[in-house]
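Starting off with a structure, shown below.
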Amino acid sequence: RMSEKICQAGGTVTLTEITEMFGAEQHLMNHAINMETFEKIKTLMQIHKNYIEKYGESANGNPSYGNKQGGITTIEDKSLGCVQKSGRNAIVDVVFYGDRVKKKGLNLVQGPGSDLVGVTSQIVAGANMVVFSTGRGTPVAFAAPTLKVATNQRIFITKHRWMDFNAGGLIDGEDIEELSDAFVDLVLRTASGQYKSRNEQEGFY
């Protein structure tokens, strides 16, 4: 919902970790704004599949130990969760590694399932803020302000020095519209310098 609101307001959102989209390709292609973007999405997915196959590996091993502990059982489970972050926006373009975003709206950015590599590619593409959701509470932060979104109350409380927003309130019965508005407000306050993300407050990059 935050992604949708930002794009509707004329902003730009990027989504990466392409190997975590395997199994949800059709969803992505259905959201391509035109045939050129459709073909770019196909190319992007194939680049990563070819790389994995080159080393005799399979993308089915992608869910990590932490993912499995959290209840994810297949690559399709993980992929559907990954693409949901983009909302119902049209995909306006694909940005290959090292290139810059040229179009406003939702862009797919080339990057693997590695947080550090994928998010770095988003920053190189022009992202000036990272919004990072986590169900297990990873402490990772990046070269841009990193808003950490806890997907449950327990993580938000136990790792309060790392987390910026508690999306777990949705599970506890909070209204989705009110929660979405509060989240967008936090993103805007961070972008305007009124709020420093936890990683900035702690001096951790």
Side-chain angles (χ1 to χ4, degrees), residues 1-63 67 72 74-133 140 142-147 149 180 183-184 187-188 190-191:
R1 289 194 175 222
M2 184 276 294
S3 174
E4 290 168 7
K5 288 174 188 283
I6 294 296
C7 288
Q8 287 165 9
T12 300
V13 172
T14 64
L15 184 68
T16 190
E17 296 189 316
I18 304 306
T19 52
E20 296 193 3
M21 299 175 189
F22 290 170
E25 295 94 333
Q26 192 62 55
H27 173 86
L28 296 170
M29 292 171 185
N30 289 346
H31 282 250
I33 199 165
N34 53 33
M35 187 54 70
E36 179 187 6
T37 305
F38 179 91
E39 292 296 335
K40 281 185 176 181
I41 295 170
K42 280 176 58 179
T43 299
L44 183 64
M45 303 300 289
Q46 197 60 51
I47 286 170
H48 285 271
K49 287 181 179 178
N50 290 348
Y51 183 84
I52 290 168
E53 290 170 5
K54 176 181 175 181
Y55 292 97
E57 298 295 336
S58 166
N60 289 330
N62 185 272
N67 292 151
I72 289 174
T74 66
I75 185 64
E76 288 80 10
D77 278 350
K78 190 168 184 176
S79 298
L80 290 170
C82 176
V83 300
Q84 278 187 4
K85 297 173 193 174
S86 64
R88 293 170 291 183
N89 296 307
I91 299 171
V92 298
D93 203 5
V94 170
V95 180
F96 293 97
Y97 205 92
D99 291 341
R100 301 281 289 181
V101 167
K102 297 179 180 68
K103 299 179 182 178
K104 290 184 177 181
L106 175 63
N107 288 255
L108 294 186
V109 174
Q110 184 181 2
S114 163
D115 301 334
L116 295 172
V117 181
V119 175
T120 298
S121 74
Q122 289 176 293
I123 294 170
V124 169
N128 50 30
M129 185 191 314
V130 177
V131 177
F132 194 103
S133 60
V140 70
F142 303 95
T146 306
L147 288 180
V149 182
S180 297
F183 188 26
V184 172
V187 169
L188 296 178
T190 306

ask   = Could you give the distance from CG (Leu108) to CD (Gln122), rounded to the nearest 0.5 Å?
value = 10.0 Å
inquiry  = For the residue pair Ser3 / Asn89, report whether a side-chain donor-acceptor contact shorter than 3.5 Å exists.
reply    = yes
remark   = Rounded to the nearest 0.5 Å, the CD atom of Glu4 sits from the OG atom of Ser86 at a distance of 8.5 Å
query = Of the non-hydrogen atoms in Phe142 and Asp115, which two are nearest, and what is the gap between them?
reply = CE2-O, 3.5 Å
request  = Measure the CD-NE2 distance between Gln26 and His31 for me, rounded to the nearest 0.5 Å.
outcome  =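 It is 10.5 Å, given to the nearest 0.5 Å.
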task = Could you tell me the separation between the CD1 atom of Ile33 and the CG atom of Leu106, rounded to the nearest 0.5 Å?
result =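 Rounded to the nearest 0.5 Å, the CD1-CG separation comes out at 10.0 Å.
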ask   = Near Lys104 NZ, under 6.0 Å, is it more than 12 heavy atoms from other residues, nucleotides or ligands?
value =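 Atom NZ in Lys104 is not packed in, count stays at 12 or less.
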Approximate separation, where rounding is to 0.5 Å, of Met2 CE and Ser133 OG =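 Rounded to the nearest 0.5 Å, the CE-OG separation comes to 9.0 Å.
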request  = Heavy atoms only: give me the nearest Leu15-Val83 pair and the separation to one decimal.
outcome  =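 Shortest heavy-atom separation between Leu15 and Val83 comes out as CD2-CA, 4.4 Å.
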key: Heavy-atom donor-acceptor pair, Ser121 side chain to Gln110 backbone, under 3.5 Å   = yes
request  = Would you mind checking if Lys85 and Glu20 are paired as a salt bridge, meaning a charged N to carboxylate O distance below 4.0 Å?
outcome  =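 Answer for the salt bridge query: no.
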inquiry  = I need the Thr16 OG1 to Asn107 CG distance, nearest 0.5 Å.
reply    = 11.5 Å
ask   = Is a side-chain N or O of Glu57 found less than 3.5 angstrom from the main chain of Ile52, in a donor-acceptor match?
value =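 Looks like no, no N/O pair under 3.5 Å.
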inquiry  = Looking at Thr146 and Ala144, would you say the former's side chain and the latter's main chain have a donor-acceptor pair under 3.5 Å?
reply    = yes
request  = Might you work through the salt bridge (Lys or Arg N to Asp or Glu O under 4.0 Å) test for Glu39 and Lys42, ending with a clear yes or no?
outcome  = CA-CA 5 Å; Glu39 292 296 335; Lys42 280 176 58 179; 3.7 Å; yes
